[in-house]
Participant: 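Here it is, the structure, as structure tokens.
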Number of protein chains: 2
Amino acid sequence: MVRPRFTKLPLKQQQAIVQAALDEFAAHGFHDASLNRMIEAAGISKGTMYYYFDGKEDLYAYVARTGLAGLFVRVGPLPELDVGGADEFWAVLEGYYLNLLRALAASPQLAALLRGWTAASRTPSFETAKADLEQASLPWIEQALATGQGVGAVREDLPPSLLIAVVMGMGQAMDIWLMAQQPDDDALPGLVSSLITMIRRAVSA
Amino acid sequence: MVRPRFTKLPLKQQQAIVQAALDEFAAHGFHDASLNRMIEAAGISKGTMYYYFDGKEDLYAYVARTGLAGLFVRVGPLPELDVGGADEFWAVLEGYYLNLLRALAASPQLAALLRGWTAASRTPSFETAKADLEQASLPWIEQALATGQGVGAVREDLPPSLLIAVVMGMGQAMDIWLMAQQPDDDALPGLVSSLITMIRRAVSA
DNA sequence: CCTTGCTTAGACCACCAGTATAAACCGGTG
DNA sequence: CACCGGTTTATACTGGTGGTCTAAGCAAGG
């Protein structure tokens with residue numbers, strides 16, 4: 001876990017370190033990112049880095065967590081999902097997904113980081129960072145799923161873990177495809193609508 | 001690319017090297033697998049390994065390719081898909097998927113290797129091996145997709161690349177979920193049927 | 001028997017994440 | 001002012017990695 005003293009550092013230096021780490025992780029992925037390059041870019045020594053962070057995993061988790069937190073601050077909270085029937089449920093999800101994608105497109109480094117998340121998350125040398133971030137995101141998804149089942153928008157004949165896995169798999173594939181296409185702003189809503197419809201068809205009752 | 005001379009080696013030694021590499025890659029994933037451990041397990045020197053293979057990527061690609069080829073030999077070729085309408089198309093796919101999964105369950109090391117494939121495939125130090133295997137599998141999928149569209153089983157209003165991405169994302173998520181569940185043999189067909197149905201609902205016309 | 005070229009072993013390289021250590025700094029206190 | 005103790009820093013170091021290189025072994029052909 002990141003040392004508390006890091007937050008007491010001057011903001012300038014915090015940002016320098018986080019930015020250098022974000023650049024390096026986004027450019028090379030977790031494994032191929034070099035701590036040595038990061039500390040050089042940040043203008044600090046290796047001892048300093050290890051004085052503030054437990055290690056590479058810890059730094060990655062911190063950068064990803066703060067970046068994600070910033071993203072959700074920019075996008076705002078997920079609106080209430082249980083205000084209507086299935087159609088409203090999916091419409092709200094679609095709108096929120098569109099907002100998320102737009103915010104993500106504005107932070108390509110963060111997007112690269114999250115894309116690489118999948119890549120690194122199944123390698124053995126990554127367990128703590130993985131658990132760290134998934135603890136934060138899974139309950140959110142579980143709750144959305146339960147709400148969807150509550151309003152009759154999501155089937156209940158399959159294990160929730162399977163539905164979550166499939167939806168996340170589809171979402172990842174769509175994200176990567178969308179980033180690769182780089183659609184212009186007025187084409188995006190139509191595409192997102194198609195994608196949400198695919199998910200809806202797969203998991204609706 | 002693997003050197004041709006490797007195939008001229010006595011079969012025993014070829015198998016020793018491939019088996020050692022398969023064990024190591026399956027146990028640790030691409031990045032955390034150690035060439036040094038492999039050559040120790042195979043009883044050869046580092047010079048020998050680099051005499052037969054270009055490097056770690058090359059070795060991984062070779063092991064994955066031969067393992068996959070063996071799997072498809074055991075399972076047999078994909079039956080004709082264009083013999084009927086949409087229902088037959090999906091039924092044939094479902095049966096073939098079931099066979100593939102059963103064969104894969106019988107080779108846990110190969111399964112681990114392929115699961116790790118997704119993990120490693122988006123890291124920069126993996127591009128050639130990635131391209132190598134995907135060149136082999138993509139046309140196969142494209143053709144199945146085109147056949148599905150031909151018999152009216154697959155929608156034609158979205159870019160093929162998106163359909164492929166989504167289907168592969170769903171398939172990966174399902175594979176991983178299934179491997180984690182380790183369902184017994186008589187539960188598997190029902191689950192596979194549910195999974196294929198989800199894919200069908202997502203991409204059907 | 002000797003040469004030639006394929007094969008092999010292992011020393012070596014640059015780099016990696018992570019550690020150990022000792023010096024520098026700095027606020028507080030006698 | 002002098003000293004002290006904790007905080008922060010720079011840097012040398014460790015054991016490991018994938019990858020390279022060279023010189024010796026060895027077997028076949030003249």
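Just so it is clear: chains get the letters A, B, ... in the order the sequence lines come, proteins before strands, and each one is counted from 1.
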Participant: Check every atom of dA9(C), dC6(C), dA17(C) against the side chain of L35(A) and return the nucleotide holding the closest atom.
Facilitator: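 In terms of side-chain proximity for L35(A), the closest of dA9(C), dC6(C), dA17(C) is dA17(C).
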
Participant: Could you check whether T48(A) gets within reach of a base, just the sugar-phosphate, or nothing at all, counting any heavy atom under 4.0 Å?
Facilitator: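 Here T48(A) touches the backbone only, sparing every base.
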
Participant: What does G47(A) touch in the nucleic acid at a heavy-atom separation under 4.0 angstrom: a base, only the sugar-phosphate, or nothing?
Facilitator: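 G47(A): base contact, heavy atoms under 4.0 Å.
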
Participant: Kindly give the heavy-atom pair with the smallest separation between D82(B) and V151(B), and that separation in Å.
Facilitator: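 Taking every non-hydrogen atom into account, CA-CG1, 4.0 Å.
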
Participant: What nucleotide, of dC16(C), dT7(D), dT11(D), holds the atom closest to the side chain of S34(A)?
Facilitator: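 Nearest to the side-chain atoms of S34(A), counting from C-beta on, is dC16(C).
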
Participant: What nucleotide among dT9(D), dG18(C), dG18(D) has an atom nearest to a side-chain atom of K56(A)?
Facilitator: dG18(C)

Participant: Rounded to whole Å, how long is the line connecting atom OH of Y51(B) with atom P of dC21(D)?
Facilitator: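 Spelled out: OH on Y51(B) to P on dC21(D) is 16 Å.
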
Participant: Side chains of T48(B) and S45(B) only: does a donor on one sit below 3.5 Å from an acceptor on the other?
Facilitator: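 Present: a donor and an acceptor within the cut-off.
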
Participant: Can a side-chain donor-acceptor contact be found between Q19(B) and D23(B) if the only test is distance below 3.5 angstrom?
Facilitator: yes

Participant: In whole angstroms, how far is the C1' atom of dA17(C) from the CZ atom of F30(A)?
Facilitator: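 Distance, rounded to whole Å: 10 Å.
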
Participant: Give the rounded distance in Å between these two atoms: NZ of K8(B) and C1' of dG5(C).
Facilitator: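 One finds 13 Å between C1' of dG5(C) and NZ of K8(B), rounded.
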
Participant: Roughly, in whole Å, what's the span from CD in E24(B) to C1' in dG16(D)?
Facilitator: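 Taking CD of E24(B) and C1' of dG16(D), I get 13 Å after rounding.
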
Participant: To the nearest angstrom, how far is Y50(A) atom OH from dA10(D) atom P?
Facilitator: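 Going from OH in Y50(A) over to P in dA10(D) covers 16 Å.
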
Participant: Grab the CG-P distance between D58(A) and dT19(C) for me, whole Å please.
Facilitator: 12 Å

Participant: Looking only at the side chain of N36(A) (C-beta and beyond, no hydrogens), which of the listed nucleotides dT17(D), dC16(C), dT8(C) gets closest?
Facilitator: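 Among the listed nucleotides, the one closest to the side chain of N36(A) is dC16(C).
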
Participant: Using the side-chain heavy atoms of K46(A), tell me which of these nucleotides is nearest: dT11(D), dG10(C), dT8(D).
Facilitator: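 Comparing dT11(D), dG10(C), dT8(D) against the side chain of K46(A), the answer is dT11(D).
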
Participant: Given dG18(C), dC16(C), dT8(C), identify the nucleotide with an atom nearest to the side chain of Y52(B).
Facilitator: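 When the side chain of Y52(B) is considered, dT8(C) is the closest of dG18(C), dC16(C), dT8(C).
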
Participant: Do R115(A) side-chain atoms and D175(A) backbone N/O form a donor-acceptor pair below 3.5 Å?
Facilitator: no

Participant: What integer distance in Å separates M38(A):CE from dC16(C):P?
Facilitator: 11 Å

Participant: L104(A) and side-chain contact (heavy atoms from CB on, under 4.5 Å): which single residue from L178(A), N99(A), L114(A) fits?
Facilitator: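 Running side-chain contact (heavy atoms from CB on, under 4.5 Å) over L178(A), N99(A), L114(A) with L104(A) returns exactly one hit, L114(A).
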
Participant: From CE of M49(A) over to P of dA10(D), roughly how many Å is that when rounded to an integer?
Facilitator: 13 Å

Participant: Heavy atoms from C-beta onward define the side chain here; which of dG18(D), dT8(D), dT8(C) lies closest to that of R5(A)?
Facilitator: dT8(D)

Participant: Regarding F53(B), tell me which of base, sugar-phosphate or nothing describes its non-hydrogen contacts under 4.0 Å with the strands shown.
Facilitator: nothing

